[in-house]
Amino acid sequence: KTSPRMREVMTSLTRHLHDFAREVELTVDEWTEGVALINWAGQMSNDKRNEGQLVCDVVGLESLVDEITYKKASEASDLATQSAILGPFFRHDHPIREKGATISFNTPKDAEVVYMYGQVVDAKTKKPLANATIDVWEASTNGLYEQQDPDQIDCNLRGKFVTDANGEYAFYCLRPTPYPIPFDGPAGKLLQLLDRHPYRPAHIHLIVLLEGYKPITTQIFDKASKYLDDDSVFAVKDSLLVEFVPRKGDEQAQLELKYDVNLAPQ
Ligand code: DHB
Ligand code: FE
């Protein structure tokens with residue numbers, strides 16, 4: 001069955017593709033190259049690598065779509081934590097961990113460990129929200145997410161936490177570091193073509209969910225990181241910058257980060 005909305009979207013896409021081809025006077029050879037790039041992205045993709053998404057991301061499409069979606073959702077929720085793109089490395093199937101647990105099971109020697117903690121609150125009333133789920137994931141200091149790296153155990157640097165009666169969550173993680181997105185495929189080829197680097201600023205991914213509230217997919221960025229001004233996938237927003245500060249009296253962590261998440265009612 002055709003959906004009227006999908007028909008509208010595809011009709012517009014077709015019109016814009018035609019306009020684009022006319023504007024640049026696209027030749028058969030050039031179009032063939034484009035088709036090969038799309039096919040290459042498809043061939044490279046599997047459950048550990050989402051090259052189609054990566055290609056969209058380096059031209060800023062996921063970030064633009066996130067902005068449009070968020071704007072639509074946000075008229076009544078200006079106070080909520082801002083969203084950012086999901087990116088290609090999310091996994092659905094990772095475990096719920098206890099408050100205060102670590103998500104780092106192969107801590108590299110060059111890593112700085114962070115105690116990250118805070119509250120999930122109602123954006124308007126600031127009432128603490130119990131039973132919210134915080135889903136986190138980050139790359140290791142070698143720039144690889146666990147599913148890209150045979151040297152990390154399954155679900156390393158991932159975890160789901162549920163806020164307690166005071167709306168609080170806490171866990172140990174690594175201070176994130178900047179790293180290049182995979183550039184041995186079509187997304188990398190596009191970046192080269194445009195004389196752009198593949199680096200992303202240091203970030204931690206978060207998805208925060210609670211029934212009755214608008215879900216938030218976002219990333220927080222280390223204020224001190226390189227590449228905040230030229231993220232290869234255009235995801236940085238000022239309100240998502242955070243500062244890791246020294247932590248005293250904790251053998252497990254040199255740094256800490258207090259971060260509260262503001263949810264808007266549905
Ligand atoms: C992309 C996003 C990420 O968070 C990441 O770590 C790598 C790539 C992306 O948007 O393509
Ligand atoms: Fe990422």
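Source: prediction; values computed, not measured. Counting starts at 1 for both ligands and their atoms, in listed order.
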Student: Which is it for Asp66 and Lys237 under the salt bridge (charged side-chain N to carboxylate O under 4.0 Å, His left out) test, yes or no, and what are the steps along the way?
Tutor: CA-CA 12 Å; Asp66 166 63; Lys237 295 175 182 173; 3.2 Å; yes
Student: What class does the angle between the rings of Tyr115 and Tyr172 fall in, given that below 30° is parallel, 30 to 60° is tilted and above 60° is perpendicular?
Tutor: tilted
Student: Quiz question: by atom type and distance under 3.5 Å, do the side chains of Lys126 and Asn262 form a donor-acceptor pair?
Tutor: yes
Student: Taking the N/O/S atoms of His205 one by one, which is nearest to the Fe ion (ligand 2)?
Tutor: NE2
Student: Quick check: closest heavy atoms across Gln82 and Ser239, and the distance to 0.1 Å?
Tutor: OE1-OG, 2.6 Å
Student: Please tabulate protein-ligand N/O pairs under 3.5 Å for ligand 1, atom names and distances to 0.1 Å.
Tutor:
{"residue": "ligand 1", "atom": "4 (O)", "partner": "Arg200", "partner atom": "NH1", "Å": "2.8"}
{"residue": "ligand 1", "atom": "4 (O)", "partner": "His203", "partner atom": "NE2", "Å": "3.2"}
{"residue": "ligand 1", "atom": "4 (O)", "partner": "His205", "partner atom": "NE2", "Å": "2.7"}
{"residue": "ligand 1", "atom": "6 (O)", "partner": "Tyr145", "partner atom": "OH", "Å": "3.0"}
{"residue": "ligand 1", "atom": "6 (O)", "partner": "Tyr179", "partner atom": "OH", "Å": "2.0"}
{"residue": "ligand 1", "atom": "6 (O)", "partner": "His203", "partner atom": "NE2", "Å": "3.4"}
{"residue": "ligand 1", "atom": "10 (O)", "partner": "Asp57", "partner atom": "OD2", "Å": "2.4"}
{"residue": "ligand 1", "atom": "11 (O)", "partner": "Asp57", "partner atom": "OD2", "Å": "2.7"}

Student: Can you tell me how far OG of Ser83 sits from CD of Gln219, rounded to the nearest 0.5 angstrom?
Tutor: 10.0 Å
Student: Return the orientation label for the His92 and Phe90 ring planes: parallel under 30°, perpendicular over 60°, tilted otherwise.
Tutor: perpendicular
Student: Does Tyr145 bring an N, O or S atom to within less than 2.8 Å of the Fe ion (ligand 2)?
Tutor: yes
Student: Does a donor on one side chain sit under 3.5 Å from an acceptor on the other, for Tyr213 and Asp122?
Tutor: yes
